Amino acid sequence: MKHEFASFEQKWQTLWEENGIFHAQDQSDKPKFYALVEFPYPSGAGMHVGHIKAYSGLEVVSRKRRMQGYNVLYPIGFDAFGLPAENYAIKTGTHPRVVTDTNIKHFSQQLKRAGFAFDWTRVVDTTEESYYKWTQWIFLKMFEKGLVFRDRAQVNYCPSCKVVLSNEDSQGGQCDICHTDIVQKTKDVWYLRITAYAEKLLQGLEEVDYLPNVKMQQENWIGKSTGAFVNFALSGVEDTLRIYTTRPDTLFGVTFMVIAPEHPLLDTYQDRIGNMDAILAYRDACAKKTEFERTQLVKDKTGVRVEGISAIHPITGKEIPLFISDYVMMGYGTGAIMAVPAHDQRDWEFAHAFGADIIPVIQGGNIEECAYPGDGEMINSDFLCGIKNKKEAISAMLTYLEEKGIGEAGVQFKMKDWAFNRQRYWGEPIPIVHCEKCGIVPVPFEELPLRLPVVENYEPGEGGESPLAKISSFVECHCPKCGGNAKRETDTMPQWAGSSWYFLRYIDPHNPQSLADYDKLKYWLPVDWYNGGMEHVTRHMIYSRFWHRFLYDLGVVPTKEPYAKRTAQGLILGADGVKMSKSRGNVIDPNDVIDKFGADTLRTYVLFMGDYGSAAPWSDSSMRGCKRFLERVADLESKAKGHGATPKLESAFHKTIKKVSSDIEELKFNTAIAAMMTLLNQIDDVGSLTLDELSVFVRLLCPIAPHLCEELWQRMGGEGFCSTAPWPVYDEAKTVDAEIEVAVQFNGKLKGTIMIPTGCDRDTALAIAKADEKISAQLAQVEIIKEIFVPGKIVSFVCKPKA
RNA sequence: GCCGAUGUGGCGGAACAGGCAGACGCCUCGGACUUAAAAUCCGAUGGGACUUAUACUCCCGUACCGGUUCGAGCCCGGUCAUCGGCACCA
């Protein structure tokens with residue numbers, strides 16, 4: 001067989017598809033395995049090699065599991081709502097539907113050319129009405145349960161894309177898509193109350209097997225802190241100021257209070273406040289700052305004293321000045337803090353800028369002495385004095401606060417509610433009607449899907465209005481409740497919506513009655529293994545875990561958590577060692593590689609190039625090495641004859657089966673391939689192998705280079721497809737050699753090696769070492785102090801030179 | 001600033017659980033085949049010393065400094081660098 005791989009790759013892809021060998025069965029006696037990869041956004045640029053690496057990991061695992069007798073579900077789909085298709089539509093006038101269909105076709109063709117064993121009968125497209133009907137359905141269910149709300153808010157607005165962006169989409173003060181600086185704007189925004197699920201999302205992490213850093217990033221994102229709420233009475237008005245603190249033990253060190261510039265207290269008591277003009281001026285100045293300016297740039301403390309109102313210390317009764325400052329955020333805690341400048345860096349800076357008192361309450365815990373207050377003896381703190389342990393001091397204070405009704409223990413989360421709307425055309429319409437009489441009314445479930453209307457012009461309206469707002473046939477409607485005139489919501493959902501539940505639809509992709517049949521969900525869930533990029537670990541994964549948990553509470557899905565296990569692949573960098581990008585011109589197109597080297601070479605190389613979880617630069621010559629390997633494998637055919645085992649190769653085969661089997665499960669494809677290369681070198685040294693051995697080799701390599709292996713399988717008369725042939729098994733006894741080589745050391749330095757029988761005892765090993773010509777000569781020069789034997793590892797002599 | 005990860009030849013990377021560092025591949029060099037080149041095959045390949053050369057032998061070597069141990073890429077303490085996450089979160 002000569003090495004024109006391209007000549008048969010397509011043949012096998014066609015045969016696999018015609019025979020449906022990668023179709024998952026909804027009922028089966030076999031154990032199930034649901035492997036999930038992040039479905040792509042079908043961009044106009046097509047796939048790049050990074051996609052190939054992203055899908056190759058679980059591709060290999062699930063192909064192996066299939067050969068091991070699992071009923072495998074390995075699906076693919078398209079996360080096809082999104083800005084690029086819409087921007088393209090604006091530019092060219094082509095309907096996003098048309099653009100999307102073209103792109104999906106292109107992506108599908110590329111995926112098929114790579115030979116991925118996806119179940120193509122289960123393809124999901126988030127932009128299809130039969131799909132987004134259920135995205136809208138889930139939204140309405142959340143509305144029903146009070147998890148959807150509308151609020152007027154300062155939002156991040158991209159003047160170029162003309163859209164409101166979430167904090168996540170505008171990190172660094174720039175639009176994620178076009179990198180224009182964002183500005184602040186007041187808008188009515190839809191929110192999903194994900195904060196109601198903060199605790200559940202945090203606890204759910206305990207029952208899943210995620211990579212440690214994945215888990216950590218999610219914990220950081222949720223950002224739970226435990227502390228206390230304390231109510232401070234105010235002087236001058238009949239009211240209290242409620243604050244949140246993680247350090248109630250430092251209550252006696254409070255010398256001033258700070259509230260956020262937007263704090264409602266200021267509006268309530270504007271008549272009492274002597275310097276309202278200055279306060280409003282400061283508030284305005286803050287409002288003009290973007291989130292970025294407020295948090296990243298300004299490190300100098302600014303603020304204004306609130307005149308006419310001050311706080312009363314709840315224990316000492318002392319009067320405490322009240323300030324506004326933008327270092328306190330309205331969106332966290334209560335938007336108000338008690339300032340303890342002796343033990344908090346930010347309060348300390350503010351106290352210095354504004355000349356406030358500083359009362360230390362923890363001995364040795366001053367800001368000036370150490371960066372952060374740790375354990376130390378409590379001082380200047382009435383009943384806490386003398387306590388030396390932070391935990392103890394906190395609990396003593398909490399007991400006091402609760403007894404006196406001043407405050408209570410509480411928790412806070414950094415996670416914010418999810419801004420759930422975009423002023424865009426190419427997204428799921430939010431199924432809500434605004435009625436003059438009834439207010440906000442949900443579209444009845446029977447009317448779903450609420451379809452996107454056909455429009456002429458995709459340009460967003462001025463001021464960030466959705467293009468849908470210009471379509472009166474869409475906007476004008478009747479209220480489902482009272483039948484009166486009403487207007488439809490014209491915002492659409494963000495792209496995160498469709499991807500929050502797609503793994504459920506794969507389980508029952510064509511179901512018109514429900515998002516998926518419960519029995520099927522029960523069979524397939526949870527996803528056994530989810531692999532994707534680190535960049536989706538917080539947003540997409542937390543959003544989808546939220547939706548899934550909500551559906552669980554609703555009784556729609558049978559598991560609390562959607563994903564049992566999560567891993568991540570590393571990037572493929574350009575040959576220059578830099579992230580691939582169009583602008584750098586270092587992007588590698590998988591189609592080009594397949595044209596020149598074949599899909600099997602591409603697959604082998606992306607898995608061989610390094611640790612699967614780490615980034616690695618592309619190298620054409622390294623890839624040629626993989627092609628050479630496959631060509632040498634193809635040549636094995638001419639060296640294979642007879643049956644049974646080749647004595648010189650038997651142990652090597654069993655060892656390789658063992659290593660490849662376990663390496664694949666650990667995503668260590670590079671060493672699995674290296675082990676097969678080593679075996680191939682050994683076969684070449686021997687010069688021949690049996691047909692039985694060739695069969696083992698071909699099946700071991702099949703998940704990685706399936707086209708070549710199918711071809712070889714067929715040529716050697718294998719039954720059916722190699723892709724569904726049984727995975728090779730090894731005999732543990734035959735992986736063990738009769739004799740092993742161990743090192744002999746003097747004082748830890750290598751002096752030689754000896755062969756000893758496997759499993760031999762200490763005396764035997766030492767005797768063999770001493771009998772060794774080279775070793776004995778050297779031993780004659782020294783005095784032995786101690787003899788060490790570690791079975792299977794080493795013989796070591798502790799010694800000193802003879803006097 | 002805080003949290004986490006990583007640091008090994010010319011390159012990508014191996015090394016189970018503290019036991020022969022550098023598997024496997026690439027690059028490079030030498031050889032075979034060829035009129036020639038490409039492809040392919042064979043051999044060498046961490047650095048250095050000794051040696052005419054080979055063999056032998058020795059020394060150095062896993063970011064840096066120190067420690068534990070018969071023995072450290074791996075464990076401990078410290079430093080530096082790179083990458084990622086969070087960041088005025090009270």
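So you know, we letter chains A, B, ... as the sequences are listed, proteins then strands, and number each from 1. Model, not experiment: these values are computed from the prediction.
Candidate nucleotides B:C58, B:G12, B:A90 were compared by shortest atom distance to the side chain of A:Ala616, and B:G12 ranks first. The side chain of A:Lys749 sits closest to B:C60 out of B:C60, B:G85, B:C70. Residue A:Thr671 places its side chain closer to B:A23 than to any other of B:A23, B:C88, B:G12. The side chain of A:Glu741 approaches B:C20 more closely than any other nucleotide in the set B:A14, B:C88, B:C20. Comparing atom distances between the A:Tyr332 side chain and each of B:C70, B:A14, B:A90 picks out B:A90 as nearest. For A:Gln745, taking side-chain heavy atoms from C-beta onward, the closest of the listed nucleotides B:C27, B:G71, B:C86 is B:G71. The side chain of A:Ile337 has B:A90 as its nearest neighbour among B:G19, B:A90, B:G84. Of all nucleotides listed (B:G84, B:C60, B:C24), B:G84 comes nearest to the side chain of A:Met216. Distance from the side chain of A:Ser796 is smallest for B:G19 among the nucleotides B:G19, B:C20, B:C26.
Using modelled atom types, one finds no donor on one side chain facing an acceptor on the other under 3.5 Å when comparing A:Ser619 with A:Tyr605.
Separation of the P atoms belonging to B:C27 and B:A39 is 9 Å when rounded to the nearest angstrom. Between the P atoms of B:C75 and B:C20, the separation comes to 16 Å (whole Å). A gap of 16 Å separates the C1' atoms of B:G22 and B:G7, to the nearest Å. Nucleotides B:G9 and B:G61 place their P atoms 14 Å apart, quoted to the nearest Å. Distance noted for atom P between B:C16 and B:A63: 16 Å (whole Å). Across B:C70 and B:U82, the matching C1' atoms stand 36 Å from one another, rounded to whole Å. Here the separation of B:G77 from B:C83, taken at their C1' atoms, is 24 Å to the nearest Å. Rounded to whole Å, the P atom of B:A44 lies 13 Å from the corresponding atom of B:G25.
Geometrically, A:Lys301 does not engage A:Phe354 in a cation-pi contact, judged by NZ or CZ lying under 6.0 Å from the ring centre and within 45° of the ring axis.
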Pair A:Asn670, A:Leu607 - check side-chain contact (heavy atoms from CB on, under 4.5 Å), show working.
CA-CA 6 Å; A:Asn670 53 341; A:Leu607 295 174; over 6 Å; no

Kindly indicate, with the supporting measurements, whether the criterion ring-ring contact (aromatic ring centres under 6.0 Å, His included) is fulfilled by A:Phe608 and A:Phe669.
CA-CA 6 Å; A:Phe608 183 67; A:Phe669 308 110; over 10 Å; no

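In terms of phosphate contacts, A:Lys774 brings a side-chain nitrogen or oxygen within less than 4.0 Å of OP1 or OP2 of B:U57. In this model, the phosphate group of B:A90 is not approached by any side-chain N or O of A:Tyr244 to a distance below 4.0 Å at OP1 or OP2. Side-chain nitrogen and oxygen atoms of A:Asn681 include at least one within less than 4.0 Å of the OP1 or OP2 phosphate oxygen of B:G25. Distances shorter than 4.0 Å separate none of the side-chain N or O atoms of A:Asn747 from OP1 or OP2 on B:G71. Proximity of A:Lys793 to the phosphate of B:A15: no side-chain N or O atom is located under 4.0 Å from OP1 or OP2.
Consecutive pairing runs in RNA chain B reach the stem threshold at B:1-7 with B:80-86, B:10-12 with B:24-26, B:28-32 with B:40-44, B:46-49 with B:57-60, B:63-67 with B:75-79, where a stem means at least three Watson-Crick or G-U wobble pairs with distances under 3.5 Å.
Note that the CD1 atom of A:Ile673 and the CD1 atom of A:Ile704 stand 4.0 Å from one another [nearest 0.5 Å].
Taking the six-membered ring where tryptophan is involved, the planes of A:His313 and A:Phe232 are perpendicular, since the angle between them exceeds 60° and thus also 30°.
Evaluated for a side chain to side chain contact (heavy atoms under 4.5 Å, CB included) with A:Leu322, the options A:His263, A:Arg305, A:Met257 yield exactly one hit, A:Met257.
Within the 4.0 angstrom heavy-atom criterion, only backbone atoms of the sugar-phosphate kind lie near A:Ala615; the bases stay farther away. Using a 4.0 Å heavy-atom distance criterion, A:Asn213 is classed as making no nucleic acid contact.
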Protein-nucleotides 41-45 of chain B N/O pairs closer than 3.5 Å?
none

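Ring to ring, A:Tyr191 and A:Trp418 are not that close: their centroids are 6.0 angstrom or more apart.
Across the interface with RNA chain B, nearest-nucleotide mapping of A:Lys751 and A:Met609 shows A:Met609 to be the residue nearer the 5′ end. Heavy-atom distances to RNA chain B give each of A:Thr753 and A:Gly625 a nearest nucleotide, and the one nearer the 5′ end belongs to A:Thr753.
Look at A:Asp576 and A:Arg584 and you find a salt bridge, because one of the NZ, NE, NH1 or NH2 atoms lies within 4.0 Å of a carboxylate O, short of that distance. Between A:Glu206 and A:Lys215, none of the side-chain N atoms (NZ, or NE/NH1/NH2) sits under 4.0 Å from a carboxylate O, so this pair counts as no salt bridge.
In this structure, B:G12 shows a glycosidic angle more than 90 degrees from zero, which is the anti conformation.
Counting distance only, with no hydrogens placed and no angle test, the side-chain atoms of A:Lys414 and the base atoms of B:C86 include no donor-acceptor pair under 3.5 Å.
Not a single donor-acceptor pair under 3.5 Å links the side chain of A:Lys224 to the backbone N or O of A:Val411. Proximity of a side-chain donor or acceptor of A:Tyr612 to a complementary backbone N or O of A:Gly57 within less than 3.5 Å is detected.
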